[in-house]
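Below you'll find the structure, written out as structure tokens, and then a few comments.
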Amino acid sequence: MRRVSSQSVSAPAIDADAKNKTNPSDLKAQHWATLKRLWPYLSPWRLRILLALCLLVAAKLSNIGVPMLLKAMVDGLDLKPGDPQSLLVVPVGLLVAYAALRISITLFTELREWVFSRVTEGVARTLSLKSFTHLLHLSMPFHLQGRMGAVSRDLERGARGLHSLVSYTVYSVLPTLVEMGLVIGYLVWNYQASFAWIALVAVVLYAIWTIKITEWRTAFRRRMNEQDSRANAFAVDALINVETVKIFGNEQFEAQRYDHGLRQLQAASLQSRTSLSLLNLGQSSIIALAVSLMVWQATEGVVAGTMTLGDLVLVNAFMIQLYIPLNFLGVLYRELKQGSVDVENMFALMDQKQSVADRLNAKTLRRPASAEGLSIAFRDVRFSYDGKRDVIESLTFEVPAGSRVAIVGPSGAGKSTIMRLLFRFYDPLSGIVQVDGEDIRDLSQQSLRAQIGLVPQDTVLFNESIRYNILYGRPEASEEDLRAAIRAAQLLPLIDSLPQGLETAVGERGLKLSGGEKQRVAIARMLLKNPPILLLDEATSALDSRNEQAVQEALARAAEGRTTVVIAHRLSTVVDADAILVLDKGRILESGRHEALLAQGGLYASLWTMQQQEPSAGGLTSQPFEETV
């Protein structure tokens, strides 16, 4: 019998193991509950699953047929002297049948895997796509509060866990159960019941021993992994800061610290190795005892004349054949346990509900037929992110269709929150937000956001080409529309200067482009979308003086016939706005045109004075007034 390697019974990853300390009975319930939940995704493939199960049974029938042929061959060799014809005919025929069965085992097994692999891959694809789509549709609070790295890992592990769960169930659990049933049934039918009882009890004891010891030694394996990580951290930390180590002459100190970690790792490794030896010893003892008892029973039968030598070979071969798959029970148990956890974590993500959801029979917001834009209104709106501190308090204002309104104010005033409420990333605690006279809670989120274009101050691009990022505004746009948006955003000189032009990759989050270049790509993307409502969050803040005026003119042309809301950090960019709203602590303190606000001598006037006192005379420093909500 092969021994179980140290890897085969090692603990799962630390984070997963910490999540899940399941006893065997809980594992069984969890495993079948997960498979039950998977069934709606498996049911479209039920014909393939049925065919795979038929091939599985055929492979196992061929597998148990091998010992039966060995029995016949051994019995066939018990010939009387002087009977050469039987010596030639019987064993040769059995040898051919033996070879055919061996080939059949491999053939049926490979056919089963070929048939079932499409099921596994198809279900994994369906679940991965459904969970990814569900995550995309979840509301912003989930994405802002959750850790995207952990979420993506849950999705990745969920797909991998699905493979493990389904594959190990079909390729390991079911074949083993089928083979056990066939073997025990054959023993009961053809021999004394004691043979079947020995086999059954041995299998149960083997499973209990393996699962219990695997659970027990998981803690040792986890401790060994932790000590390994800690010792490695000591070494890496010292090597990274080697200059500091040398400055203080602490080479010996670092060596001692590293050695301390290695000693702890050594102790944990010895515990893990000792527990593995105990596991292997117990497994081997159970197998040896069971085989010895069955051989002893068979030997007694041969002596008594109730069994042949072939029966003895058959019983021994059955036992050895039966325990080979059980030898990997530690691995099987661990993988089923981990697979169930991973798939359940993915289902938990899919169970997340939208905190901001469309109402039943939500209306579709249509683009206005005339080039007038869409009106916007906030009516007595109150909002808080955490339920403790109001970011918006009793906010009321209107933006008529086709007008240009600026919102200014110090950091934390709630300017960006207004945009998030308008996009309906959140719902207000009280009051209503209206677009075109409709409460946006009565509109579908998809249709609402289709009518709004945003150019943010901090532009984030996909790690794709410039073409991809611009076309993201309207993927079906023609080449002519794409070029028009590029020209309007003053992006053509940049693209012409690049060797790969529009196909140039922008890098992770657009880091291969400068701030101004990224912002012009964002402007082009918004212009291509061509929405009736424009939201500009200091859209030209990262541009140089030469390009700023040109882009401002392009934005001014794009705003014609559209409703435009500008969040302004530099007040000089909104002096020609139809109205300026001065926001502070979630309330509108002042409103009016530029000249009227200066004449009031209030907060706007003081901000304007500060801007004029800047050495550049070009604008207010963004630090005091940058939105950070």
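Here, residue 1 is the first one in the sequence, and each next residue gets the next number. Since we're looking at a predicted model, the values are computed, not measured.
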- prompt: Mind checking whether Phe378 and Val433 have side chains closer than 4.5 Å, heavy atoms only?
  reply: yes

- prompt: Any side-chain heavy-atom pair from Val521 and Val506 closer than 4.5 angstrom?
  reply: no

message: Within the 4.5 Å heavy-atom criterion, are Pro410 and Asp584 side-chain neighbours or not?
response: yes

query: Does Arg367 CZ have over 12 foreign heavy atoms under 6.0 Å away?
result: yes

field: Candidates Leu589, Ile567, Ile418 - the one meeting side-chain contact (heavy atoms from CB on, under 4.5 Å) with Leu583
entry: Ile418

Shortest non-hydrogen contact between Gly437 and Ser375, atoms and distance: N-OG, 3.9 Å

- request: Can you establish whether the number of heavy atoms outside Tyr468 located under 6.0 Å from its atom OH is more than 12?
  value: yes

- prompt: Where does the angle between the aromatic ring planes of Trp608 and His594 fall among parallel (under 30°), tilted (30 to 60°) and perpendicular (over 60°)?
  reply: perpendicular

field: Criterion side-chain contact (heavy atoms from CB on, under 4.5 Å) on Leu421 and Leu395, from CA distance to verdict
entry: CA-CA 12 Å; Leu421 291 173; Leu395 184 65; over 6 Å; no

field: Residues Arg483, Glu479: salt bridge by 4.0 Å N-O rule
entry: yes

- request: For atom CG of Asn361, decide whether the heavy atoms of other residues, nucleotides or ligands shown that lie under 6.0 angstrom number more than 12.
  value: no

task: Identify the heavy atoms of Arg474 and Leu528 that sit nearest to each other, and give their distance.
output: NE-O, 2.9 Å

task: Given side-chain contact (heavy atoms from CB on, under 4.5 Å), test Leu571 with Tyr604 step by step and report yes or no.
output: CA-CA 9 Å; Leu571 304 185; Tyr604 182 85; 4.1 Å; yes

- prompt: Distance-only, no hydrogens or angles: does the Glu590 side chain make a donor-acceptor pair with backbone N or O of Leu603 under 3.5 Å?
  reply: yes

4.5 Å side-chain heavy-atom contact, Ile452 and Val435: no

Ser591 side chain to Leu581 backbone, donor-acceptor under 3.5 Å: no

- prompt: Would the number of heavy atoms belonging to other residues, nucleotides or ligands and lying under 6.0 Å from CZ of Arg593 be above 12?
  reply: yes

message: How long is the straight-line distance from CZ of Arg487 back to CG of Leu482, given to the nearest 0.5 Å?
response: 9.5 Å

Check: Phe423 and Leu535 side chains under 4.5 Å, non-hydrogen atoms: yes

query: What pair of heavy atoms forms the shortest contact from Ile392 to Val381, and how long is it?
result: CG2-O, 3.3 Å

query: Does the pair Asp427/Arg441 count as a salt bridge with the N-to-O cut at 4.0 Å?
result: no

field: Leu454 vs Met419, side-chain contact (heavy atoms from CB on, under 4.5 Å): CA-CA, chis, key distance, verdict
entry: CA-CA 9 Å; Leu454 170 66; Met419 288 196 171; 3.8 Å; yes

Whether over 12 other heavy atoms sit under 6.0 Å from Gln446 CD: no

- prompt: Judged by atom type as modelled, is there a donor-acceptor pair below 3.5 Å linking the side chain of Lys415 to the main-chain atoms of Gly409?
  reply: yes

statement: Interatomic distance, CD@Gln519 vs CG@Leu513, rounded to 0.5 Å, equals 12.0 Å

- prompt: When rounded to the nearest 0.5 angstrom, what distance separates CG in Asp442 from CG in Leu448?
  reply: 11.5 Å

query: Under 3.5 Å, is there a donor-acceptor pair linking the side chains of Thr417 and Tyr426?
result: no

- request: Without swapping roles, check the side chain of Asp390 against the backbone of Ser384 for a donor-acceptor pair under 3.5 Å.
  value: no

query: Can you tell me how far the OG1 atom of Thr396 sits from the CD1 atom of Ile432, to the nearest 0.5 Å?
result: 9.5 Å

field: Under 3.5 Å: donor-acceptor pair, side chain of Thr563, backbone of Gly402
entry: yes

- prompt: Do Lys585 and Glu393 touch side chain to side chain, with heavy atoms closer than 4.5 Å?
  reply: no

- prompt: Taking Arg520 for the side chain and Ala489 for the main chain, is one N or O donor matched with an acceptor at less than 3.5 Å?
  reply: no

- prompt: Any sub-3.5 Å donor-acceptor pair from Asp436's side-chain atoms to Leu374's backbone N or O?
  reply: no

- prompt: Distance from Leu502 atom CG to Asp496 atom CG, nearest 0.5 Å?
  reply: 9.0 Å

query: Hey, does Gln451 have a side-chain heavy atom less than 4.5 Å from the side chain of Arg366?
result: no

statement: Correct closest heavy-atom pair for Ala485 and Ala524 would be CB-O, 3.6 Å

field: Under 3.5 Å: donor-acceptor pair, side chain of Gln445, backbone of Val356
entry: yes

query: Does Arg449 reach the main-chain N or O of Arg424 with its side chain, forming a donor-acceptor pair under 3.5 Å?
result: yes

message: So, taking the atom named CD1 in Ile466 and the one named CD1 in Ile495, what distance separates them when rounded to the nearest 0.5 Å?
response: 5.5 Å

- prompt: Within a radius of less than 6.0 Å around NZ of Lys363, do more than 12 heavy atoms belonging to other residues, nucleotides or ligands occur?
  reply: no

- prompt: Just wondering, do Val405 and Ile376 contact through their side chains at under 4.5 Å, heavy atoms?
  reply: no

- line: Closest non-hydrogen atoms of Asp537 and Ser416, given as atom of the first, atom of the second and distance, are OD2-OG, 4.3 Å

- line: Heavy atoms of Asp481 and Ala477 approach each other most closely as CB-CB, 4.4 Å

message: Given 3.5 Å as the limit, does a donor-acceptor pair link the side chain of Arg525 with the main chain of Gly473, or not?
response: no

